Peer 1: 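Dumping the structure here so I can ask a few things about it.
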Amino acid sequence: MVSEKIQENIKLPIIDLSLEKSQILKLIVKASEKFGFFKVINHGVDTNVIKKMEDESYNFFSKPFSQKQCAKICPSNPYGYGCKNIGFNGDNGEVEYLLLHANPNMSISQISKNISSDPLMFSCAVNGYVKSVRELACKILELMAQGLRVQQTSVYSNLLMDLHSDSLLRINHYPPFNWTPHLLHHDCDTSPNSCNSTVSKIGFGEHTDPQILTILRSNDAPGLQISTQQGLWVPVSPHPNTAFSVFVGDTLQALTNGRFKSVRHRAMVNSCKPRMSMVYFGAPSPHARICCPLELVSTTPHKPYHLYRPFTWGEYKKATYSMRLGDTRLDQFFRLQSENDETITINNQTS
């Protein structure tokens, strides 16, 4: 059980994308610098697209465990159903999930046969949802670039639109923590007042996302928490239920020369109410070169140098997968300068 004291009174930013553009830019930059996290409303993603993906996800997770195992992840197939185990380095949690590729140039129809009794309907739901949230991610990345006054405003979004993008869709299901894969208690009272929010357990351990940008949609169950730069855990309300949560990833931290912060977060489960989240991880192609625009080297206050050495997404992904979930990867292996190092070595760090 987790008994840590959490910070309840921190108000996390909710950004209305229908506001005047200059206001949106300021809010996004401020939230990305302070928290590495914000929510967006009036985002333009069709509610029918969301509902179709939610319905297909609930249909899958309601199946008997033996049927879900037909879509099990294995060394020869990294996509499909996972249960408890997170990755291959010993991490685990109170979670079951579907991991799917989110590249429109890769067919999802084959794996859909093991996931749904109607593979075509499942494939259409996934493809429609991925298309919509990818467009939202690209819109946000372009707003970020404009807010940072980067000349080429599509410099970040182009990485997600690459034909060989390595983006993922992960659907996490967190049953009540008295759950076992073979026996899910469907008769539990799931009304909000029935759950003791003080009794909780880790569903998905603390980590940062290695990709560029994460777009998350969840149901009305609480559980998501982010860690502030002061090390406090802040609960993320599941409301408003029309919102998407946006997370800065490690790669975007490098692409902004450390100006935007990759946010540490985790998911908690309680003893009664189940939770489901649909998570889009926007990533570049494995061969994409990750290096911040020069404007952010010369304009970042007190940091007139590259904080991180250039690397490819494939290189960073390999380092990520070789480590435990909560390990710090970016600063440990790819950082060139410390915050207090005043040495200017731009010319020697871009090769």
Side-chain angles (χ1 to χ4, degrees), residues 6-51 53-54 129 132-148 156-157 160 170 172 174 192 197 204 206-209 211-249 252-253 256 259-268 273 275-282:
I6 57 178
Q7 190 73 25
E8 299 274 2
N9 60 354
I10 293 179
K11 186 176 181 180
L12 298 174
I14 299 176
I15 300 174
D16 186 341
L17 294 184
S18 68
L19 294 174
E20 198 274 328
K21 189 174 182 180
S22 63
Q23 188 176 357
I24 295 173
L25 298 181
K26 292 177 182 178
L27 291 172
I28 284 180
V29 170
K30 181 179 179 181
S32 300
E33 291 179 334
K34 183 175 182 179
F35 295 108
F37 172 87
F38 53 91
K39 287 188 175 186
V40 291
I41 57 174
N42 291 321
H43 41 68
V45 178
D46 193 296
T47 55
N48 290 326
V49 170
I50 297 170
K51 186 177 186 304
M53 189 69 255
E54 288 177 337
Y129 185 79
S132 294
V133 293
R134 184 177 65 246
E135 289 175 353
L136 175 59
C138 288
K139 177 180 179 179
I140 292 171
L141 287 171
E142 291 182 7
L143 290 169
M144 287 175 165
Q146 292 176 57
L148 291 171
Y156 301 142
S157 61
L160 268 57
R170 184 184 186 113
N172 292 324
Y174 302 94
S197 61
F204 206 108
E206 68 173 275
H207 62 286
T208 60
D209 294 334
Q211 292 88 357
I212 297 174
L213 200 71
T214 300
I215 307 289
L216 179 147
R217 168 86 180 195
S218 67
N219 64 353
D220 62 351
L224 177 63
Q225 297 178 354
I226 69 166
S227 178
T228 66
Q229 294 178 35
Q230 292 75 36
L232 300 171
W233 285 105
V234 181
V236 178
S237 170
H239 304 291
N241 59 10
T242 57
F244 280 95
S245 294
V246 180
F247 302 74
V248 171
L252 186 56
Q253 180 171 322
T256 59
R259 186 164 169 182
F260 289 178
K261 304 299 183 184
S262 181
V263 59
R264 295 189 75 79
H265 55 285
R266 66 186 182 184
M268 310 300 293
K273 191 174 180 64
R275 178 174 179 267
M276 190 179 77
S277 61
M278 303 186 301
V279 195
Y280 170 80
F281 300 98

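Values in this document were obtained by computation on a predicted structure and should not be read as measured data. Because only heavy atoms are used, hydrogens play no part in the values below, and waters and symmetry mates are left out as well, while side chains stay in.
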Peer 1: Rounded to the nearest 0.5 Å, how far does SG of C138 lie from CG of L143?
Peer 2: 11.0 Å

Peer 1: Could you give the distance from OH (Y129) to CE (M53), rounded to the nearest 0.5 Å?
Peer 2: 8.0 Å

Peer 1: Which atom pair, heavy atoms only, marks the closest approach of R275 to S218?
Peer 2: NH2-CB, 3.9 Å

Peer 1: Give the minimum heavy-atom separation between S32 and M144, together with the two atoms involved.
Peer 2: OG-CE, 3.5 Å

Peer 1: Do F247 and H265 have side chains that approach each other closer than 4.5 Å (heavy atoms only, starting at C-beta)?
Peer 2: yes

Peer 1: So if I apply the side-chain contact (heavy atoms from CB on, under 4.5 Å) rule between F244 and each of I41, L216, T214, V45, which one comes out positive?
Peer 2: V45

Peer 1: Within this structure, what is the CG-CG distance for the pair L17 and N42, rounded to the nearest 0.5 Å?
Peer 2: 7.5 Å

Peer 1: What residues form a side-chain hydrogen bond (donor to acceptor under 3.5 Å, both in side chains) with S277, not counting sequence neighbours?
Peer 2: none

Peer 1: The criterion is side-chain hydrogen bond (donor to acceptor under 3.5 Å, both in side chains); which residues satisfy it with S157, sequence neighbours excluded?
Peer 2: E142

Peer 1: Are the side chain of N219 and the backbone of A221 linked by a donor-acceptor contact shorter than 3.5 Å?
Peer 2: yes

Peer 1: If you apply the rule side chain to side chain contact (heavy atoms under 4.5 Å, CB included), what do you find for I28 with V246, and how did you get there?
Peer 2: CA-CA 10 Å; I28 284 180; V246 180; over 6 Å; no

Peer 1: Between H43 (side chain only) and T242 (backbone N and O only), is there a donor and an acceptor less than 3.5 Å apart?
Peer 2: yes

Peer 1: For the pair Q225 (side chain) and W233 (backbone), establish whether a donor and an acceptor sit closer than 3.5 Å, ignoring hydrogens and angles.
Peer 2: no

Peer 1: Kindly indicate whether the side chain of F35, heavy atoms from C-beta on, has any atom under 4.5 Å from the side chain of V263.
Peer 2: no

Peer 1: Between L141 and L252, is any pair of side-chain heavy atoms under 4.5 Å apart?
Peer 2: yes

Peer 1: I need the H207 NE2 to R266 CZ distance, nearest 0.5 Å.
Peer 2: 12.0 Å

